[in-house]
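Here's the structure we're looking at; comments come further down.
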Amino acid sequence: MGGWPMLDIKYIRSHPEQVEEALKKRNLVGALDQFLDLDRQWRKILVQVEDLKKFRNSASQEVGKLKKAGQDAGELQDKVRQVGQEIKALDDQVKELETSMDAILLNVPNLPHESVPVGPDEESNLEMRRWGEPPKFDFEPQAHWDLGPGLDILDFERASRLSGARFTVYKGAGARLERAVINFYLDVHTSKHGYREIWTPFMVNADCMMGTGQLPKFAEDMFKIEGREMYLVPTAEVPLTNLHREEILDGADLPLYFTAYTPCFRAEAGAAGRDTRGIIRQHQFNKVELVKLTRPENSYEELEKLTADAEEVLQLLGLPYRVVLLSTGDMGFSSAKTYDLEVWMPSYNTYKEISSCSNCEDFQARRANIRYRPEPKARPQYVHTLNGSGVAVGRTVAAILENYQQADGSIVVPEVLRPYMGGLDKITREGR
RNA sequence: GGAGAGAUGGCCGAGUAGGCUGAAGGCGCUCGCCUGCUAAGCGAGUAUAGGGUUUGUAGCUCUAUCGCGGGUUCGAAUCCCGCUCUCUCCGCCA
């Protein structure tokens, strides 16, 4: 196959019913009928063309020998020339079939893990646990989109003048708070959880987007650079996971833990009217991401640890949250199992997603061709890739403003952030 | 932006008047031998993907791959065209 096989083709061939069954959980029916048909054709023609190539190889050698011996090879040459035409025709067919098969497979999502609740949408999600208590206010709490402008640390009006809707200007202590959260997250994950800090390009090529599964299906969700095959990263998951694309890693080096801060750019197509106020849903937001490349046998263990790593920063910040296991209908395209972390947001009077931690198993590894050698001589296998927000920075700031607000509209700075804020313990209008 | 050079296996590095080179040689690595230990030495092995066969991710076999794509040819790592990337010099710039 030329492109990016997503599900294991051999597995699909030998277990079509299981695959159909699994895809049904994701509301996909009959997705593979056509594929299996194409596959049969493909293999048939492949056998033919390889046979002809075998003939061409030996006949060409024969021609060489004849010529060296000073004999005439004209007849054989003519024959091979004819075969060459046939080969070209069949090769074209093979290529066409591969293109069609890729087109199908690239649009088929990952198969859900057996522990994932089956259901059509988020209604079937499963709450796993809660941490912390939502704060009780003895005054009318404000939303961050009122608190921020009130303190003159968030400026939505001027941001829209600069860039339009879904952008925010941070000012003074607000800007510093954003930066403090970024640094705090990176410090915790690198020094306490063993992740290696990476600084990545914020623009990547289409192969990367294909590798992690944003392309080809979700092109409209991203910002593409005019006139180039380049995209603004929608999440650091893309550059981090693709870091070892097309490589065979040494099994002794696994697992690999990466963390990176990047801004994230999303078109938010289809989200018109949702979360229009505040900094919850922006075209540009900051995030510290966690990515792991692991051996298949312990990727689920690693998912639990990764989720716990993301949870810990919320605990350290004292932000109440809950952990939700997404159902088959609510999971992302590339994921086999996803936990969402949802932080308490007083303005919504509910928990709001602040992190999404997924095990993609070998789905992305196949697309991006990331393999490892279990033992020195063993044949390469696909790694499992995991990713999780560790966590979204903008939403963290929103949560801090709302959960730590005081009656006078000031904000108490969470203790762990004060070293990052020059010792500032409270954001006030006067001290902004 | 202007001028030039180059892209070969895990690495280094041969290979251009096209033929049996998946690819010399070296290093590294694996296994075995040897050695009081270590080092050195000796021997063997050491790319990836796909198809066929098969109970089989074993074996056997075929095809493909010398940056990517196309062309010429009976036959291309070797010739031609396009692209990408890397490096050097000049200019410019944070």
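All chains are named by letter (A, B, ...) in the order of the sequence lines, taking the proteins before the strands, and each is independently numbered beginning at 1.
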According to a strict under-4.0 Å criterion, is A/Asn57 in side-chain N/O contact with OP1 or OP2 of B/rC74?
no
In this structure, how many angstroms lie between the P atom of B/rA47 and the CG atom of A/Asp250, rounded?
17 Å
Distance-only polar pair, side chains of A/Glu361 and A/Tyr300, donor-acceptor under 3.5 Å:
yes
Separation of the P atoms in B/rU16 and B/rU78, to the nearest angstrom
12 Å
The ring-ring contact (aromatic ring centres under 6.0 Å, His included) partners of A/Tyr404 (sequence neighbours excluded) come to none
So, A/Ser299 versus A/Asn359: side-chain donor-acceptor pair below 3.5 Å or not?
yes
Do you see a donor-acceptor pair shorter than 3.5 Å between the side chains of A/Thr396 and A/Tyr185?
yes
When A/Val63 and A/Arg43 are each assigned the nearest nucleotide of RNA chain B, the 5'-most assignment goes to A/Arg43
With a 4.0 Å cut-off, would you call A/Lys67 and A/Glu62 a salt bridge?
no
Runs of at least three Watson-Crick or G-U pairs with RNA chain B, cut-off 3.5 Å
B:1-7 with B:84-90, B:10-12 with B:25-27, B:28-33 with B:41-46, B:47-53 with B:59-65, B:67-71 with B:79-83
Does the A/Asn298 side chain pair with the main chain of A/Glu301, one donor and one acceptor, at a distance under 3.5 Å?
no
Closest-nucleotide mapping onto RNA chain B: is A/Ser58 or A/Lys95 further toward the 5' terminus? I mean the 5' end.
A/Ser58
Nearest listed nucleotide, side chain of A/Arg373, among B/rG50, B/rC74, B/rA47
B/rA47
Counting heavy atoms from C-beta on, name the nucleotide in B/rG19, B/rA64, B/rG51 closest to the side chain of A/Lys53.
B/rA64
Is the distance from OP1 or OP2 of B/rC20 to the nearest side-chain N or O of A/Lys68 less than 4.0 Å?
no
Quote, to the nearest angstrom, the P distance that separates B/rG2 from B/rA77.
34 Å
Should the pair A/Tyr195 and A/His189 be assigned to parallel (<30°), tilted (30 to 60°) or perpendicular (>60°) ring geometry?
perpendicular
Atom C1', compared across B/rU46 and B/rC11: separation rounded to whole Å
14 Å
Could you tell me how far apart A/Ile248 (CD1) and B/rA47 (C1') are, to the nearest whole angstrom?
8 Å
Are A/Phe265 and A/Tyr231 an aromatic pair, judged by ring center distance below 6.0 Å?
no
Any idea how A/Phe218 and A/Phe333 line up, ring-wise: parallel (<30°), tilted (30 to 60°), or perpendicular (>60°)?
perpendicular
Would you measure the distance from the C1' atom in B/rG22 across to the matching atom in B/rC62 and give it in whole Å?
15 Å
Does any N or O donor sit under 3.5 Å from an N or O acceptor when you compare the side chain of A/Glu50 with the base of B/rG52?
no
List in numerical order all residues of residues 76-89 of chain A for which some heavy atom is under 4.0 Å away from an atom belonging to RNA chain B.
A/Gln77, A/Val80, A/Arg81, A/Lys88
Using the P atoms only, state how far B/rC20 lies from B/rU57, rounded to an integer number of Å.
33 Å
Under 4.0 Å between any heavy atoms, over every strand shown, what does A/Lys44 touch: base, sugar-phosphate, or nothing? Just pick one.
nothing
